[in-house]
Trainee: 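Before anything else, here's the structure in question.
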Amino acid sequence: MSAFLKQLYADRLAFAGLLIVLALGLSALLAPALAPYPEDVYDIHPAQRLQPPSRQHPFGTNHMGADLLSRVLFGARITVVIATVAVGSALLVGVPIGLVAGFYPGWASELLMRLADVFLSLPQAVLAIAIAQTLGPSIPNVILALSITYWPWFARVVFAEVRSLKNEVFVEATQALGVSPWRTLLLHVLPNVATPIIVRSSIGMGYTILTAAMLGFLGLGAQPPTPEWGREIAEARQYLPEAWWYATFPGLAIFVTVMGFNLLGDGLRDVLDPRLRRGRP
Amino acid sequence: MALVTRRALLRAAGLGALALATAGRRAWSATETSTYIFGQPSEFDTLDPHLVFDVGRVASRINLYDSLLRWEDNPPKLHPWLAERYTVSPDGRRYTFFLRKGAKFHDGSEVTAEAVRYSMERQLALGKGAASLFKPVVEPGSTRVVDRYTVEFNLREPRATFLATIDALYIVNPAVLKAHEKDGDWGSTWLSSNEAGSGSYQLEAYNPAVGFTGRRFAEHWLGWSGRHVERIEFRTIREPASRVNALLRGDIHATDGYLPADLIDKLSRSPEVKIIEQESMRIFVIMMHNQRPPLNDVHVRRAISYAFDYDSFINNIMKGRVVRNPGPIPNNMWGAPRDLQGYTYDLEKAKEELAKASVKVDRPLEISPLVGYPVTQDAAVVLQSGLRKLGIELKIKPETWPTLVGKARQQETTPDLWVLWVSTYYADPANWINEMYDSANWGAWKASSWYKNPQVDALLREALRITDQAQRQKLYEKAARLIVEEAASLWIYNTKWYGPFRTNVQGVRFCPIGNGREARWIYLT
Amino acid sequence: MRRLLYTAKRLALMVPTLFGLVVLVFVISRVIPADPVALLAGERATPQQIEALRHRYGLDRPLPVQLLAYLRQLARGDLGTSLYSGRPITTDLFGRFPATLELTLAAMAITVLLGVPLGVLAALYRNSWFDHLLRAVTVSGLAIASFWLAIMLQLLFSMELRLLPLGGRIGVPPPRALTGLFVLDALLTGNGAALRSALQHLCLPAFTLAFPALATVVRFTRAGVLDVLHSDFILYERAMGLPRPLIVGKYLLRNAMAATLTQIGLLFGVLLAGAVVVETVFDWPGIGLYAVNAIVLSDYNAILGFTLWSGFLYVLVNLLTDLGLMLLDPREATR
């Protein structure tokens, strides 16, 4: 474990990614304590609307006079919840499907993978829009739409890995020894596909945060006064260019967060899976 | 000039690669005075004048088509248009219109009584757009051609507002439509992207994504004395900020007069733009579902009415560019009681009212602002914040306009509260108070407060039967007081129209019904 | 023969995918809560009228029957009628497609023309400051929300510097329509004013759309070139003493192109999805904006049409890239 951290630490960018992800987690957890005006998540002060960044309001105020820094911090909570639940449920659906389909070839497996392909035959954002629109705008529906569009990626990755593992000597050996197939699958195959799953998850978090923000921006996600980042940017548009801070800070928050997950994902891939290491000596 | 220098400096400072942008930007539009270009907020999905009846897309109807009468100016007055005059039978049920001779459709054929009859039948049969105005009183087949230039409408019952609404019936050319009819569709497939009218301009090009252009119809019956533009273009630019920028750059000559307050402020600082300010009649309302607990208790409704910060909303968010309208009729329309106080932001009174209520507010209420209209959302947030202080949770669930219109048809699906504007479809108090609070209109979106008071019903129906304005005014004032007393909805403000135009645009004639989009009076200098 | 077989196999595989796509979209569309029929019927329609319409559009039949009818209708190339405008959706989509195509092509051009050389340079000067800078930029490319990038570019170039228009496709009368692509039409008709205006309007949206795709292309080109650099045959060529520019030009690029080409199919998906938000922010009258309008108006038929259309295009482009790849690198067909 410490060797792993050491290796990660050696890759400065990946380590920065880890720090960003940790910071996101912390601000999500401690938002009520960190935010200068935690009540501004629902409180409004129209008399102080659209004030530029100042000592009282480091990120300025929004069109309802609420403190933007506080709202961005609380936005981290929403983002963490959306991304974790969406990627988590996509993982719970996609990984078993990939495992089973890869391990037991047959028409049912073929059908499952074809189904995954159908989902992948649409640009994900387009599919997410169609589903979110169908379900109606709300955070649970965004999560549902994102999981529905993301599970095939896990299924595909795991399927490919299991397929190639199946022919490896140790898997054939366990089977020859009469170990039950389920045991083989869980104790011998699954640990060996853990790496691509972890890497996929980290990158998937970044992707999911971006797509969730896009849905929020299009009005298909959280509803006011929820301080969801994408929705804040959509609301901020009409106050440009005067209130530049209003659109800038939530966008920066998205950028930094996704960057964190992407850097971490890249680093994890290098550390955990030397085969995929970037072409760097 | 200072701007140019600043721009030049910035360009020199390393942005030269993008310099292709600035050269010759104004070359085309600002010097030309024969084409008038309007930046249109909503797309013209269809040009069929019998399918849509909203204020946002009035330009295609009002410029390409004519009606029997037309509302002009502010306060609005009804002018003879295709009809030179009309008579009303003593029982108030038969309206006879006498058409002017020689008015021509764009294909050169004459506008006749048969065209008027056909247009009414078509409007009723299609059942959309302005059909809702005529359906309650005009039976299909009841319209009669007396002679080539005389047509009569035979109403089911007297209706004081029939004349006021007749301008919403646009006259189409039956010969052209019959030639394009398919499977009994009244030619609507064809007419959605074409035109068969007699209006001041005739359609030149149409692309639903971009807008439409029209050229002056030289043979229009009204004639063309004075100065005019040869071509009109209504170009769709959805984003308010983009419209404002296009106007500042001179790409367009004008845009809609209901921009967000911040953008009006920005435009008013430009020397190249003038803003024509007019009192309009477009009230901003939060509907409450009067039949659903706990909103069926008058005290709960009053408490909610006391929990909205009207002053802060009007002065801070709307920047004082609208005026408080405490009741269901626009202040500047007759029939609105002059001394009506209405509700103020007063949480103490709100709490007293809540204490008097016989039902408890034991569930979160739901409010639906309109998707794409940020002001409705701001109002929802303001109310949410006020109600929170009373311990009432208000959930915001934005919905699209068509969805809400669909939901507002039935009590079961109507949201607890929803936010909207009620514009001037015709200039008569009935446009607001009758359509919104006479329980006979339940089932139409305007009546989705589901308010019912037999006394009010009687007053409002009486006001539709009689034609004497002084008497009607008394009835409306009395009804308005009762409705406010019972807090049927939250009435917030009446819009002012801030029409932004390039300084070289002249002759704008604003009327709340056409919203200044009638182009035939406009010329460029 | 092998190529033919591969092509046939690839085409055959498309059929179940497309069928699945149609079913998927169909399933999504019929779960929608709000009632599309009420919208069609107009304001004071009676329940009977609503029922009649429901019947006319076949929404009262069992789902499998509706699906069959839907498939039959699609087979005729009919995506249905917009509930809102009353026009066939194919008409709407075809009318707007040139705008999206122009934008996508411009973005694709930026991506490839800029991405491939940058990727090659990054590989050749691996671990130089240039490589690191490029890596930082490409990593941000994948982390930036394109709607936010679009807004920031508008803020800087349109609102602050006033160099480029805020949105729209052209600020003067469009050139005579030959292809529907304004830049091309303006060139063909020699319309200088239209050309300048069209290019100005194209700048920001095309760059915004290209930015994330650019990151992908740079990364893959770099990795592809590095692979080739370390491969035996280049080492052999080097040992043979061939001049470096020749190696780079002749062998590297061709092999790197194959790596990039595999990405183009995927990129197209990225661009297509990106077009939805980019067109929204820049008011670009293409099918992305059409889709967003359809969302706002709950025009289900139109959303459905757009989704299917995107899926078909995406599948088609992926097929074409695969076939192109086969021509470039016949080994692909045997895999």
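Computed from a prediction, not measured in an experiment: that's the story for all the values here. Every chain is numbered from 1, with letters handed out A, B, ... down the list of sequences.
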Trainee: Tell me, side chain or backbone of C/Val139 under 4.5 Å from chain A's heavy atoms, or both, or neither?
Mentor: both
Trainee: Give me the atom names and distance for the closest heavy-atom approach of C/Thr221 to C/Gly119.
Mentor: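 The answer is CB-CA, 4.0 Å.
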Trainee: Using a cut-off of under 4.5 Å for heavy-atom pairs, which of C/Leu313, C/Val23, C/Thr307 has the most such pairs with chain A?
Mentor: C/Thr307
Trainee: Minimum heavy-atom separation for A/Gly216 to A/Glu228, with atom names?
Mentor: CA-OE1, 3.4 Å
Trainee: Which bit of C/Phe19 is near chain A, if near means a heavy-atom gap under 4.5 Å: side chain, backbone, both or neither?
Mentor: neither
Trainee: What do the steps show when you test A/Ser147 against A/Val93 for side-chain contact (heavy atoms from CB on, under 4.5 Å), and what is the final call?
Mentor: CA-CA 9 Å; A/Ser147 342; A/Val93 175; over 6 Å; no
Trainee: Shorter than 4.5 Å, heavy atoms on both sides: which option in C/Ser310, C/Ala123, C/Gly20, C/Ala143 has the most such pairs with chain A?
Mentor: C/Ala143
Trainee: Side chain from CB out, backbone as N, CA, C, O: work out which of these in C/Ala223 comes under 4.5 Å of a heavy atom of chain A, or both, or neither.
Mentor: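 Neither part, no heavy atoms under 4.5 Å.
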Trainee: Side chains of A/Tyr207 and A/Arg200 only: does a donor on one sit below 3.5 Å from an acceptor on the other?
Mentor: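 Side-chain D/A pair, A/Tyr207 to A/Arg200: absent.
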Trainee: Would C/Trp309 and C/Phe97 count as a ring-ring contact (aromatic ring centres under 6.0 Å, His included) here? Give the steps.
Mentor: CA-CA 11 Å; C/Trp309 167 284; C/Phe97 187 59; 5.2 Å; yes
Trainee: Out of A/Ala236, A/Pro241, A/Ala130, A/Gly260, return the one with the most heavy atom pairs under 4.5 angstrom to chain C.
Mentor: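 Of the options given, most contacts go to A/Pro241.
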Trainee: Given a strict heavy-atom distance threshold of 4.5 Å, which part of C/Leu142 is in contact with chain A: side chain, backbone, both, or neither?
Mentor: both
Trainee: Contact part of A/Leu220 toward chain C, heavy-atom cut-off under 4.5 Å: side chain, backbone, both or neither?
Mentor: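 For A/Leu220, the contact with chain C is made by the side chain alone.
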Trainee: For A/Val80 and A/Ala28, which heavy atoms make the closest approach, and how far apart are they?
Mentor: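 It is CG2-CB, 3.8 Å.
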Trainee: Side chain, backbone, both or neither: which part of C/Val281 has an atom under 4.5 Å from a heavy atom of chain A?
Mentor: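 Contact with chain A: backbone and side chain both.
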Trainee: What part of A/Thr211 lies closer than 4.5 angstrom to a heavy atom of chain C: side chain, backbone, both or neither?
Mentor: neither
Trainee: Which region of C/Leu21, side chain (C-beta onward) or backbone (N, CA, C, O), has a non-hydrogen atom less than 4.5 Å from a non-hydrogen atom of chain A, or is it both or neither?
Mentor: both
Trainee: Does one side chain, of C/Thr100 or C/Glu279, offer a donor that lies under 3.5 Å from an acceptor on the other?
Mentor: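 Yes, C/Glu279 and C/Thr100 have a side-chain donor paired with an acceptor closer than 3.5 Å.
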Trainee: So for A/Leu218, is it side chain, backbone, both, or neither that comes closer than 4.5 Å to the heavy atoms of chain C?
Mentor: side chain
Trainee: Could you tell me which of A/Val258, A/Leu240, A/Leu122, A/Leu127 has the largest number of non-hydrogen atom pairs under 4.5 Å with chain C?
Mentor: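 Top count of heavy-atom pairs under 4.5 Å with chain C: A/Leu122.
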Trainee: Could you pull out the closest heavy-atom pair between A/Leu268 and A/Ser202, with the gap in Å?
Mentor: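 Nearest pair, atom of A/Leu268 first, then A/Ser202: CD1-CB, 4.3 Å.
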Trainee: Between A/Leu252, A/Val256, A/Thr257, which has the largest tally of heavy atom pairs under 4.5 Å with chain C?
Mentor: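 Winner by heavy-atom pair count: A/Leu252.
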Trainee: I need the single residue from A/Trp151, A/Tyr150, A/Trp153 that forms a ring pair (Phe, Tyr, Trp, His ring centres under 6.0 Å) with A/Phe119. Which is it?
Mentor: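 In the set A/Trp151, A/Tyr150, A/Trp153, the residue that makes a ring pair (Phe, Tyr, Trp, His ring centres under 6.0 Å) with A/Phe119 is A/Trp151.
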